[in-house]
Amino acid sequence: MDAPAVSANPTNGLNYIRPFGSLGLGDPPLVGGKTASLGELRDLLGSGPIGGPDGFAVTAKPYRDALTAAGSGTELHALLDDFDSSNVAELSRRAALARDIVYSMSPCGLAPRRQLAGLGRTAS
């Protein structure tokens, strides 16, 4: 299945890009905690003598859209919902399976994981 064409234009309704100035501490689900903190920092420092970083964030939406387009979202939910996450061995097993699902949806498939393993790193 071909992935839908995506524009990086933040006004196209896809909300893939957000400027730091529009982010704050309420945005971790959208861009992650560290990036939301950068937006908050920019807001707090404003135009003061130090200033805050100017920039943008790529939201989690393109990742979620890619999972949906590949049909992997349902499979990941089935794997990761409703299990005892305090069971570290089971958590590790399911995390490895989840990584395989995500890697397999990319055009490179599992190749990046095999390359890491070839460098002597554990890829699981």
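Using modelled atom types, one side-chain atom of Arg94 and one backbone atom of Leu79 make a donor-acceptor pair closer than 3.5 Å. No donor-acceptor pair under 3.5 Å is formed between the side chain of Ser92 and the backbone N or O of Val88.
Taken from CG in Asp100 to CD in Glu75, the straight-line distance is 10.0 Å, to the nearest 0.5 Å. The CG atom of Leu23 sits 7.5 Å away from the OG1 atom of Thr35 when rounded to the nearest 0.5 Å. The line from CG of Leu44 to CG of Leu25 is 7.5 Å long, rounded to the nearest 0.5 Å. Between the OG1 atom in Thr74 and the CD1 atom in Ile101 there is a gap of 10.5 Å [rounded to 0.5 Å].
For the residue pair Ala60 and Pro29, the shortest heavy atom distance occurs at CB-O, 4.1 Å. Nearest heavy-atom pair, Asn15 versus Lys61, reported as atom, atom and distance to 0.1 Å: O-CB, 4.1 Å. Heavy atoms only, all atoms of each residue included: Leu91 and Ser85 are closest at CD2-O, 3.8 Å. Here the closest non-hydrogen pair linking Arg18 and Leu30 is NH1-CD2, 2.7 Å. Considering every non-hydrogen atom in both Ala36 and Val31, the closest pair reads N-CG2, 3.7 Å.
Within 6.0 Å of CG in Asp82 there are 12 or fewer heavy atoms belonging to other residues, nucleotides or ligands. Open room surrounds OH on Tyr63; 12 or fewer heavy atoms of other groups in view lie less than 6.0 Å from it.
Side chains of Asp43 and Phe20 form no contact here, defined as non-hydrogen atoms less than 4.5 Å apart. Contact annotation: the side chain of Ile17 never approaches that of Thr59 to less than 4.5 Å [non-hydrogen atoms, C-beta and beyond].
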